[in-house]
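Remarks on the structure that follows.
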Amino acid sequence: TQADQALTMAAAADRYVSLGDQSSLLVARITNNVCTPIEQRSATTPRATASIFKTWVLGGLAKAVNDGQIAANSVIGRAAAETVRGSSLASEPLGTQFPLQDMATLMMGISDNTATDHLHQLVGRPRLESILATFNHSNPALLTPFLSVNETFNLFAGVPLNDAQAYATGTESFQRSYVDTVLEPLGPVTGFGNNTAVFISGSWQATAMDVCNAFAGIRKFNDRSEGFQIADRALSSQVAQPGLRNRWERVWYKGGSLDTGAGLVVLTHAWMLQSDSRGTFVVVAMNNRSAPSVDQFAAQSATGRILQLLDQQNP
């Protein structure tokens with residue numbers, strides 16, 4: 001917007017975090033696969049990630065491919081048990097075969113939840129949880145048990161609110177038992193998100209620095225490996241921000257949101273910008289708001305200015 005066009009990096013960061021009562025902003029450079037902050041606001045404070053959590057699913061998949069546990073040319077048939085209502089893949093006939101790359105690209109490119117749950121099942125919860133430490137997540141317990149989309153949505157809609165709140169505040173042993181005995185057996189979600197009180201506290205959590213570390217972790221894979229190539233194509237597929245693809249040699253993006261019906265309580269964005277001559281930069285913007293709604297257009301304007309400044313300051 002016109003009001004943001006002359007902001008400095010610090011002012012744009014301040015502008016962004018003013019949009020929510022639980023907001024984080026990180027602008028960092030990745031050097032030797034280490035994230036070094038340039039500008040930060042609460043970058044080590046955990047926030048609800050919404051669909052950014054799929055970055056760890058993708059990382060777990062890439063590692064499993066590189067480790068020989070999953071073949072890069074695998075095909076996955078759409079299964080009823082892994083179908084999430086409302087996603088694009090949910091309308092495809094059961095048994096339709098999708099190449100592994102297509103599933104990964106759909107998960108990241110259009111944030112398809114059915115693709116996500118098929119990959120969650122394929123990689124497996126133990127491997128997904130192990131990637132958190134591999135990618136230097138500051139507090140892996142925030143993402144464990146590593147829930148699928150259907151399991152999380154059942155927490156939002158398939159169980160009583162008191163039970164959902166008990167899960168959100170429970171011990172890990174209690175949570176794992178609850179997943180095994182209640183959330184997973186419920187199967188594909190059929191509710192409509194009545195437990196809005198746990199949309200932030202009961203969903204996937206990470207810090208802005210954790211998200212940067214996940215991008216750095218994927219970059220550590222050999223860039224000629226099949227796992228890296230799957231991840232690279234998938235993370236490149238949703239980059240729609242004007243002025244990025246033609247200015248940087250590699251651009252990755254993942255974002256997400258959670259909407260109560262009354263407005264957005266979670267809105268997140270994460271970009272990686274890479275150039276051989278200029279280096280590699282990450283922008284992570286995480287907005288949680290206890291009372292709806294996050295202004296998505298104001299958030300996009302502030303982050304747009306930050307991306308513009310990164311380009312101007314690193315010509």
Do Ser177 side-chain atoms and Ser173 backbone N/O form a donor-acceptor pair below 3.5 Å? no

Side-chain donor-acceptor pair present, Lys254, Ser111, cut-off under 3.5 Å: yes

Please give me the minimum heavy-atom distance between Ala79 and His118, naming the atom from each residue. N-NE2, 2.8 Å

Keeping Asn222 on the side-chain end and Arg224 on the backbone end, is there a donor-acceptor pair under 3.5 Å? yes

Rounded to the nearest 0.5 Å, what separation is found between the CD atom of Glu151 and the CG atom of Leu186? 10.0 Å

Taking the inter-plane angle between the rings of Phe215 and Trp252 on a 0 to 90° scale, is it parallel (under 30°), tilted (30 to 60°) or perpendicular (over 60°)? perpendicular

Value rounded to 0.5 Å, distance of CZ in Arg278 from CZ in Arg29: 10.5 Å

Which heavy atom of Val84 sits nearest to which heavy atom of Asn113, and what is that distance? CG2-O, 3.5 Å

Heavy-atom check, side chain of Met286 versus side chain of Val284, under 4.5 Å: yes

CG-OG distance between Asn213 and Ser138, expressed to the nearest 0.5 angstrom: 8.0 Å

Would Leu258 and Leu264 satisfy side-chain contact (heavy atoms from CB on, under 4.5 Å), going step by step from the backbone distance to the final call? CA-CA 6 Å; Leu258 288 173; Leu264 294 170; over 6 Å; no

Asp210 side chain to Thr207 main-chain N or O, any donor-acceptor pair under 3.5 Å? yes

Donor-acceptor pairs are to be reported for all side-chain atoms of residues 5-12 against protein atoms at under 3.5 Å, with residues two or more places apart or in another chain.
| residue | atom | partner | partner atom | Å |
| --- | --- | --- | --- | --- |
| Thr8 | OG1 | Ala11 | N | 3.1 |

Would you indicate whether the side-chain heavy atoms of His120 and Leu61 approach each other to under 4.5 Å? no

Joint cluster assignment, Leu267 & Trp204, ILVMFWY side-chain distance < 4.5 Å: no

If every non-hydrogen atom of Gln101 is compared with every non-hydrogen atom of Arg233, which pair is closest and at what distance? OE1-NH1, 3.0 Å

I'd like to check Phe53 versus Val149 (side-chain heavy atoms, cut-off strictly below 4.5 Å). Are they in contact? yes

If two hydrophobic side chains count as joined below 4.5 Å and joins carry through other members, does Ile52 share a cluster with Ile110? yes

Can you tell whether the side chains of Arg41 and Glu39 come within less than 4.0 Å, N to carboxylate O? yes

Any side-chain donor-acceptor pair under 3.5 Å between Thr49 and Thr268? no

Looking at CG of Leu273 and OG of Ser275, how far apart are the two atoms once the value is rounded to the nearest 0.5 Å? 10.0 Å

One should read off an interatomic distance between Thr280 OG1 and Asn32 CG, to the nearest 0.5 angstrom, of 10.5 Å

Crowded around Lys54 NZ? As in, over 12 foreign heavy atoms under 6.0 Å? yes

same_hphob_cluster(Val282, Ile38) at 4.5 Å side-chain heavy-atom cutoff: no

Measure from the side-chain N and O atoms of Gln97 to the backbone N and O of Gly95, and report whether any donor-acceptor pair falls under 3.5 Å. yes

Under 3.5 Å, is there a donor-acceptor pair between the side chain of Ser293 and the main chain of Gly263? no

Return yes if some donor-acceptor pair links the side-chain N/O of Arg47 with the main-chain N/O of Asn287 below 3.5 Å, else return no. no

Value for CG (Leu119) from CD1 (Ile76), rounded to nearest 0.5 Å, stands at 5.0 Å

Ser23 to Ser42 - nearest heavy-atom pair and separation: O-CB, 3.7 Å

Linking I/L/V/M/F/W/Y whenever any side-chain heavy atoms sit under 4.5 Å apart, do Val159 and Tyr167 land together? yes

Any side-chain heavy-atom pair of Met272 and Val251 under 4.5 Å: no

Just wondering, do Asn314 and Phe281 contact through their side chains at under 4.5 Å, heavy atoms? yes

Check: Gly227 main-chain N/O paired with Asn66 side-chain donor or acceptor under 3.5 Å: yes

Might you point out which heavy atoms bring Thr45 and Ser24 nearest each other, and give the distance in Å? O-OG, 3.9 Å

Going by the side-chain hydrogen bond (donor to acceptor under 3.5 Å, both in side chains) test, name the single residue among Glu129, Arg125, Glu172 that passes it with Thr144. Glu172

Closest heavy-atom pair, Leu26 versus Cys212, reported as atoms and distance to 0.1 Å, is CD2-CB, 3.8 Å

Is the shortest heavy-atom distance from the side chain of Leu307 to the side chain of Trp271 under 4.5 Å? yes

Option from Ser91, Ser88, Ser87 for which side-chain hydrogen bond (donor to acceptor under 3.5 Å, both in side chains) with Thr114 holds: Ser87

Got Asn194 and Phe156 here, is their nearest side-chain heavy-atom distance under 4.5 Å? no

Using the side-chain contact (heavy atoms from CB on, under 4.5 Å) rule, take Val65 and Ile230 through it: C-alpha gap first, then chi angles, then the decisive distance, then the call. CA-CA 9 Å; Val65 168; Ile230 288 171; 4.1 Å; yes

In this structure, would Phe135 and Met108 fall into the same cluster of hydrophobic residues linked by side-chain contacts under 4.5 Å? yes

Can you find a pair of side-chain heavy atoms, one from Glu92 and one from Arg78, that are under 4.5 Å apart? yes

Start with the C-alpha distance between Val179 and Leu147, add both sets of side-chain angles, then the distance that settles side-chain contact (heavy atoms from CB on, under 4.5 Å), and finish with yes or no. CA-CA 8 Å; Val179 171; Leu147 298 184; 3.5 Å; yes

Would a distance-only check, ignoring hydrogens and angles, find a side-chain to backbone donor-acceptor pair under 3.5 Å from Thr116 to Asp112? yes

Any donor-acceptor N/O pair, Asp295 side chain to Phe297 backbone, under 3.5 Å: yes

Side-chain donor or acceptor of Thr303 paired with backbone N/O of Gln300 under 3.5 Å: yes

From CA spacing to verdict: side-chain contact (heavy atoms from CB on, under 4.5 Å), Lys63, Phe221: CA-CA 8 Å; Lys63 187 175 188 302; Phe221 296 138; 3.9 Å; yes

If you measure from the Lys or Arg side-chain nitrogens to the Asp or Glu carboxylate oxygens, is any gap between Asp311 and Arg247 under 4.0 Å? yes

